[in-house]
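Below: one structure, written as structure tokens.
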Protein chains: 2
Amino acid sequence: MNATIEQLLQHRSIRQFKATPLSSAETDCLLQVAQHGATSSFMQSYSIIHVSDPAKKAALAAIGKQPYIADAAMLLVFVADHHRNAQIASEKGKSTAIIGSMDYFLFATADAMIAAQTTTVAAESLDLGTVFLGSLNNDAQAVIDLLELPAHTFPVVGLAIGHPDQAPQLKPRLPRNQVVFENSYVQQANLVTQLSDYDEAVHQYYDLRAANQRVDHFTTQIAGAMDRRFEKRHELLAIAQKQGFLQY
Amino acid sequence: MNATIEQLLQHRSIRQFKATPLSSAETDCLLQVAQHGATSSFMQSYSIIHVSDPAKKAALAAIGKQPYIADAAMLLVFVADHHRNAQIASEKGKSTAIIGSMDYFLFATADAMIAAQTTTVAAESLDLGTVFLGSLNNDAQAVIDLLELPAHTFPVVGLAIGHPDQAPQLKPRLPRNQVVFENSYVQQANLVTQLSDYDEAVHQYYDLRAANQRVDHFTTQIAGAMDRRFEKRHELLAIAQKQGFLQY
């Protein structure tokens with residue numbers, strides 16, 4: 001056990017921020033750390049858009065349907081990026097057809113996520129709060145247009161960072177035996193029954209959580225998620241393909 | 001600046017491990033931390049296969065064409081997983097068609113990567129070395145078969161962890177102005193020329209690196225990556241679709 005591990009075990013997403021800005025030293029530090037995670041084949045196939053323009057922050061908050069996005073002291077969008085690689089390869093006379101493979105999309109996405117989680121850990125070590133914004137995929141095309149993302153790029157996730165103005169409880173995680181398997185995946189039957197204690201723990205968590213009306217059980221949430229209604233989220237594959245990804 | 005940030009700035013991938021095993025307390029700690037990252041909509045749409053069977057470790061080393069995979073004290077495969085969610089939803093009488101969307105594949109992949117990077121940071125804080133294994137995608141179908149991964153799962157990345165038996169130099173990262181953009185993506189021209197100083201820094205890094213023959217420049221590596229020859233890496237989309245993902 002050490003301070004880093006204690007911090008990682010205490011992770012909570014923060015969805016309410018104070019108006020206090022980050023110092024320029026903090027901003028600089030986070031951007032420096034963001035570049036120091038591992039990347040696939042050392043290609044560094046990601047980019048980060050630091051969104052500081054209040055109008056663009058408001059636009060992203062509208063896309064994500066989460067007003068706190070606009071309140072974040074620092075707002076980053078992590079982008080899977082083979083545009084830079086394609087430019088370099090083209091200048092060297094190489095075909096860039098392979099960037100259309102799922103392989104290349106997947107590892108650029110992985111690079112973007114490693115950078116995003118590295119930034120999250122660094123921010124939390126500075127007593128800042130963070131929340132990932134998968135919600136930007138409510139309208140990925142609007143994000144692409146807003147941030148002027150060129151061919152061979154795709155916005156994977158947003159990250160809002162700021163001084164926490166809430167202190168949520170720690171969310172109970174699934175029992176380890178449902179998530180970690182030894183040597184082979186173990187398919188489970190009667191999961192709703194098996195997870196009844198966990199359902200109750202999640203229910204209590206929501207019941208205790210201040211200013212939150214959701215008192216769901218875990219399995220009810222999972223079942224409910226199958227009805228997700230954001231129509232543009234069903235266009236992501238077409239959008240990624242238009243960006244030159246996932247051709248095969 | 002603090003100890004966590006100093007550690008993150010010092011990240012290096014480790015590809016040579018001592019034979020020393022991890023203590024059961026270390027193993028337990030890492031698996032606990034792995035579950036404490038953020039997940040999309042709190043669905044926890046990932047699983048971890050802890051591969052301890054020497055025969056399976058050897059098989060994964062052969063797939064990755066990296067003998068050190070078999071030497072890792074702890075070997076994990078992070079899996080995008082909607083199998084558990086599909087089972088829960090089915091038990092509650094819900095259609096699971098939405099799992100075929102790119103949206104659901106993408107956020108499960110993000111969940112797997114957040115867990116993987118969280119584990120990496122925790123391991124490094126315990127003075128362990130780590131290396132991501134994108135190489136398992138050399139033959140994703142073989143990984144699926146070996147680990148008995150069911151429908152609605154996909155192996156995103158491996159992670160080898162152990163006591164370091166090498167002390168590599170820190171790899172120089174791309175200049176920030178090539179990776180971080182303010183408010184809008186900035187497309188660059190003449191990148192090979194712009195990156196000439198960086199090319200030289202990478203060249204010197206490889207030149208100094210012990211026991212390594214590669215003395216490439218960065219832009220030469222990027223151009224060379226366009227010729228990647230692992231044929232089965234071109235089958236990833238078909239494999240993911242066979243697993244029930246990326247139908248639309």
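In what follows, chains are A, B, ... by sequence order, proteins preceding strands, each numbered from 1. Only heavy atoms go into these numbers, but all of them, side chains included; no hydrogens, no water, no symmetry mates.
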field: Contact class of A:Asp28 relative to chain B, heavy atoms under 4.5 angstrom
entry: both
- request: Answer with side chain, backbone, both or neither: which region of B:Asp53 has an atom nearer than 4.5 Å to a non-hydrogen atom of chain A?
  value: both
query: Considering all heavy atoms of both residues, which atom of B:Glu182 and which atom of A:Ser52 are nearest to each other, and what is their separation?
result: OE2-OG, 2.6 Å
- prompt: Which bit of A:Gln35 comes within less than 4.5 Å of chain B, counting heavy atoms only: side chain, backbone, both or neither?
  reply: both
- request: Please name the pair of heavy atoms, one in B:Arg173 and one in A:Ala38, separated by the smallest distance, quoted to 0.1 Å.
  value: NH2-N, 4.4 Å
task: Check B:Leu191 against A:Glu91 and note the closest heavy-atom contact, atom names and distance.
output: N-OE2, 2.7 Å
Any B:Tyr46 side-chain heavy atom under 4.5 Å of A:Val179 side chain: yes
task: With a 4.5 angstrom heavy-atom cut-off, could you sort out which part of A:Asn85 is near chain B: side chain, backbone, both or neither?
output: both
task: Could you tell me which non-hydrogen atom of B:Met226 sits nearest to which non-hydrogen atom of A:Thr96, and how far apart they are?
output: SD-CA, 4.1 Å
message: Does any backbone or side-chain atom of A:Val157 lie under 4.5 Å from a heavy atom of chain B? Answer side chain, backbone, both or neither.
response: neither
task: Evaluate the side-chain proximity of B:Ile222 to A:Lys92: yes if any heavy-atom separation is below 4.5 Å, no if none is.
output: no
Region of A:Ala34 that comes under 4.5 Å of a non-hydrogen atom in chain B: neither
message: Using heavy-atom distances under 4.5 Å, tell me whether B:Glu26 contacts chain A through its side chain, its backbone, both, or neither.
response: neither
- prompt: Taking side chain as C-beta onward, heavy atoms only, is A:Thr109 less than 4.5 Å from B:Met113?
  reply: no
- prompt: Is there side-chain contact between A:Ser47 and B:Gln178, with at least one heavy-atom pair below 4.5 Å?
  reply: no
statement: Highest number of heavy-atom pairs under 4.5 Å with chain A among B:Ala122, B:Gly134, B:Ala25 belongs to B:Ala122
field: Results of ring-ring contact (aromatic ring centres under 6.0 Å, His included) for B:Phe78 - residues two or more places apart only
entry: none
query: chain A: which of B:Gln247, B:Gln188, B:His83, B:Gln194 shares the most heavy-atom pairs with it under 4.5 Å?
result: B:His83
- request: For A:Arg233, check salt bridge (charged side-chain N to carboxylate O under 4.0 Å, His left out) against everything at least two apart and list the hits.
  value: B:Asp103
- request: Identify which part of B:Ala240 has an atom lying under 4.5 Å from any heavy atom of chain A, answering side chain, backbone, both or neither.
  value: side chain
statement: Applying a strict 4.5 Å limit to non-hydrogen atoms, the region of A:Arg228 in contact with chain B is both
query: What part of A:Tyr248 lies closer than 4.5 angstrom to a heavy atom of chain B: side chain, backbone, both or neither?
result: both
message: Less than 4.5 Å to any heavy atom of chain A: does that hold for the side chain of B:Leu236, its backbone, both, or neither?
response: both
Contacting moiety of A:Leu195, where chain B heavy atoms sit under 4.5 Å: side chain
query: Can you name the residues of residues 124-132 of chain B that have some heavy atom under 4.5 Å away from a heavy atom in chain A?
result: B:Ser125, B:Leu126, B:Phe132
- request: Sort A:Phe230 into side chain, backbone, both or neither according to what part of it lies under 4.5 angstrom from a heavy atom of chain B.
  value: neither
- request: Identify which part of A:Asn2 has an atom lying under 4.5 Å from any heavy atom of chain B, answering side chain, backbone, both or neither.
  value: side chain
- prompt: Which answer fits A:Ser95, side chain, backbone, both or neither, if we ask what part of it has an atom under 4.5 Å from a heavy atom of chain B?
  reply: backbone
task: Below 4.5 Å from any heavy atom of chain A, which atoms of B:Leu106 appear? Answer side chain, backbone, both or neither.
output: side chain
- prompt: Quick one: does B:Gln87's side chain have a donor or acceptor within less than 3.5 Å of a partner on A:Ala189's backbone?
  reply: no
- prompt: Side chain, backbone, both or neither: which part of A:Thr153 has a non-hydrogen atom closer than 4.5 Å to chain B?
  reply: side chain
- request: Identify the heavy atoms of B:Phe42 and A:Tyr198 that sit nearest to each other, and give their distance.
  value: CZ-OH, 3.4 Å
query: Under the side chain to side chain donor-acceptor pair (under 3.5 Å) test, which residues partner A:Glu235, sequence neighbours left out?
result: none
- prompt: At a heavy-atom separation under 4.5 Å, does A:Leu147 approach chain B through its side chain, its backbone, both, or neither?
  reply: both
task: Please look at A:Ala3 and chain B and tell me whether the side chain, the backbone, both or neither of the residue comes under 4.5 angstrom of a heavy atom of that chain.
output: neither
Atom group of B:Ser13 that falls short of 4.5 Å from chain A, counting heavy atoms: side chain
field: Close side-chain approach of B:Asp81 and A:Tyr185, heavy atoms under 4.5 Å
entry: yes
message: Would you say that A:Met43 contacts B:Gln221 through its side chain, given a criterion of any heavy-atom pair below 4.5 Å between the two side chains?
response: no
query: Within the side chain of B:Arg84, is there an N or O that forms a donor-acceptor pair under 3.5 Å with the backbone of A:Gln187?
result: no
- prompt: Where the side chain of B:Lys56 meets the backbone of A:Asn183, is there a donor-acceptor pair that is under 3.5 Å apart?
  reply: yes
- prompt: How about A:His36 and B:Leu8: do any of their side-chain heavy atoms sit closer than 4.5 Å?
  reply: no
field: A:Ile5 versus B:Cys29, closest heavy-atom pair with distance
entry: CD1-SG, 3.6 Å
